[in-house]
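Each chain gets a letter, A, B and so on, in the order its sequence line appears, and its residues count up from 1. Here the structure is a predicted model, which means the values were calculated and not measured.
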2 protein chains.
Amino acid sequence: MGAPFSHTPAACRAREILDRVGDKWSLYVISQLGVGTKRFTELKREIDGISQRMLTVTLRELERDGIVSRTMYPVMPPRVDYALTPLGHTLVEAVRGLVGWAEEHLDEIDAARTTYDTRAEQVFG
Amino acid sequence: MGAPFSHTPAACRAREILDRVGDKWSLYVISQLGVGTKRFTELKREIDGISQRMLTVTLRELERDGIVSRTMYPVMPPRVDYALTPLGHTLVEAVRGLVGWAEEHLDEIDAARTTYDTRAEQVFG
DNA sequence: CGGGATCCTGGGCGATACTG
DNA sequence: CAGTATCGCCCAGGATCCCG
């Protein structure tokens with residue numbers, strides 16, 4: 001106790017996964033694949049605002065990390081299925097904790113922001 | 001069940017906190033403050049590689065979000081203490097889950113990367 | 001000591017066009 | 001359908017200087 005997550009070393013580990021999951025799109029992709037196996041276009045349609053480029057890049061990254069599996073069918077037109085690996089599923093579980101925290105405390109954060117901004121507004125013109 | 005974190009809406013919530021915690025320095029600052037109250041220079045010394053600018057920016061952001069408290073003493077030379085708020089402490093708890101996942105699975109990720117890169121190396125020259 | 005103000009650069013990301 | 005390739009923008013964040 002005392003030390004939160006034994007600070008420096010553990011914080012580094014945490015940052016490593018934040019670098020994998022904390023980018024703009026990874027979490028959305030992981031979230032969608034948590035529902036079940038999906039095809040490329042399906043993901044593109046469901047993840048609002050993502051470009052085909054970023055979907056490809058994100059999927060490659062996640063595949064490289066062993067979080068997402070890619071299954072290609074040699075047919076015309078091409079068909080590729082994406083799914084979470086077992087490792088990917090454990091990640092979803094881990095992230096669930098953060099989501100819970102978010103749902104529980106996001107209002108407090110918004111309130112704190114409003115308070116902070118209002119105070120700043122009063123101090124200056 | 002089935003849906004991991006009821007995908008879209010919850011994934012958005014998760015991204016909101018990832019935007020707060022997932023930047024380059026926030027987690028390090030939070031981690032250090034989890035140990036106890038610290039002064040500006042103390043944090044700067046303990047967080048390797050952070051610039052005074054980014055420490056200031058990060059602290060302001062966390063203060064605005066109600067995660068960090070700032071106490072100023074009107075003395076010369078100035079003295080400012082930073083500490084986690086109660087909300088900040090709950091965040092540390094939530095992040096602990098991710099840290100645990102990191103410690104447990106980071107080796108698997110590294111292995112997956114090596115495998116992936118090796119395979120790519122064999123396919124191309 | 002604890003910052004602000006400025007300037008500058010890298011690379012993350014979007015837009016667009018082309019392919020098997 | 002499922003990508004790859006190219007270009008270019010933007011801004012997070014580093015470096016530097018100054019100030020109460």
Less than 4.0 angstrom between a side-chain N/O of B:T41 and OP1 or OP2 of C:dC1, yes or no? no

Determine yes or no for a side-chain-to-main-chain donor-acceptor pair under 3.5 angstrom, with B:E42 supplying the side chain and B:R39 the backbone. yes

Donor-acceptor check, side chain of A:K44 to backbone of A:I50, threshold 3.5 angstrom: yes or no? yes

Below 4.5 Å, heavy atoms only, C-beta onward: do A:T118 and A:Y116 meet side chain to side chain?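 Not touching, per the 4.5 Å side-chain cut-off.
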
Could you tell me how far apart [X] ([atom1]) and [N] ([atom2]) are, to the nearest whole angstrom?
X	N	atom1	atom2	value
B:D19	C:dG12	CG	P	16 Å
A:M54	C:dG12	CE	C1'	7 Å
B:L43	C:dG3	CG	P	10 Å
A:K38	D:dC1	NZ	P	16 Å
B:E42	C:dG3	CD	P	13 Å
A:L55	C:dA15	CG	P	14 Å
B:I50	D:dG14	CD1	P	8 Å
A:Y28	C:dC13	OH	P	12 Å

Lys/Arg N to Asp/Glu carboxylate O, B:R79 vs B:D81, below 4.0 Å: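 A salt bridge links B:R79 with B:D81.
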
Return the 5'-most residue of the pair A:D23, A:Q52 with respect to DNA chain C, ranking by each residue's nearest nucleotide. A:D23

Indicate the atoms forming the closest heavy-atom contact of A:R64 with B:R113, along with that distance. NH2-NH1, 3.2 Å

Check B:L33 against B:V68 and note the closest heavy-atom contact, atom names and distance. CD1-CG2, 3.6 Å

In residues 63-85 of chain B, which residues come under 4.0 Å of DNA chain D by heavy atom?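 B:P78, in order of number.
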
Please tell me which of the listed nucleotides, C:dG14, D:dG14, C:dG4, lies nearest to the side chain of A:W25?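 Selected nucleotide: C:dG14.
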
Looking only at C:dG4, C:dC1, C:dG14, the nucleotide nearest the B:R39 side chain is C:dC1

Using side-chain contact (heavy atoms from CB on, under 4.5 Å), reason through B:L91 and B:I30 one step at a time and then give a plain yes or no. CA-CA 9 Å; B:L91 177 56; B:I30 292 171; 3.8 Å; yes

Check the interface with nucleotides 6-9 of chain D: list each N/O to N/O pair with the protein under 3.5 Å, or write none.
none

Give A:K44 one of three labels, base, sugar-phosphate or nothing, depending on what nucleic acid heavy atoms sit under 4.0 Å from its own. nothing

Between B:R20 and A:L106, is a side-chain contact (heavy atoms from CB on, under 4.5 Å) present by the stated rule, with each step listed? CA-CA 11 Å; B:R20 292 167 215 265; A:L106 230 39; 4.2 Å; yes

Distance-only donor-acceptor check, side chains A:S26 and A:D23, under 3.5 Å: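 Distance-only check passes for A:S26 and A:D23.
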
